[in-house]
Amino acid sequence: FKSWWKLAMWLVSLLLLFIATPPVAPQSFLSTNRDDAARFAAEILTAASLISLLLPWWKGRKARTR
């Protein structure tokens with residue numbers, strides 16, 4: 001849990017910067033609005049959390065069956 005918490009704090013701080021600084025120009029190649037950036041940030045945090053929480057469980061499950 002402690003390693004997940006550290007990962008979550010780093011990701012949340014980086015993703016907040018990502019949400020706060022989207023390109024302003026509407027004709028930009030990478031133009032996104034804050035709603036899209038927030039949705040993408042939530043997807044990244046969810047995926048990273050699931051991977052970091054389920055990977056040790058999966059490795060432990062495989063080790064117990066051997």
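Numbering starts at 1 and runs along the sequence shown.
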Taking only residues two or more places apart in sequence or in another chain, which ones pass side-chain contact (heavy atoms from CB on, under 4.5 Å) with [X]?
| X | result |
| --- | --- |
| Trp58 | Arg61, Lys62 |
| Leu7 | Leu11, Ala48, Ser52 |
| Ala38 | Ile19 |

Exercise. Please check if Leu53 and Trp5 belong to a single hydrophobic cluster, counting links between Ile, Leu, Val, Met, Phe, Trp and Tyr side chain heavy atoms closer than 4.5 Å.
Key: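 Yes: a chain of side-chain contacts under 4.5 Å links Leu53 to Trp5.
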Quiz item: Do Leu16 and Phe18 share a hydrophobic cluster (ILVMFWY, side-chain heavy atoms under 4.5 Å, transitive)?
Solution: yes
Self-check item: Results of side-chain hydrogen bond (donor to acceptor under 3.5 Å, both in side chains) for Ser49 - residues two or more places apart only
Solution: Trp4
Please output the side-chain donor-acceptor pairs of residues 39-46 that fall under 3.5 Å, not counting sequence neighbours, one pair per line with the distance.
{"residue": "Arg39", "atom": "NH1", "partner": "Asp36", "partner atom": "OD1", "Å": "3.1"}
{"residue": "Thr46", "atom": "OG1", "partner": "Ala42", "partner atom": "O", "Å": "2.8"}

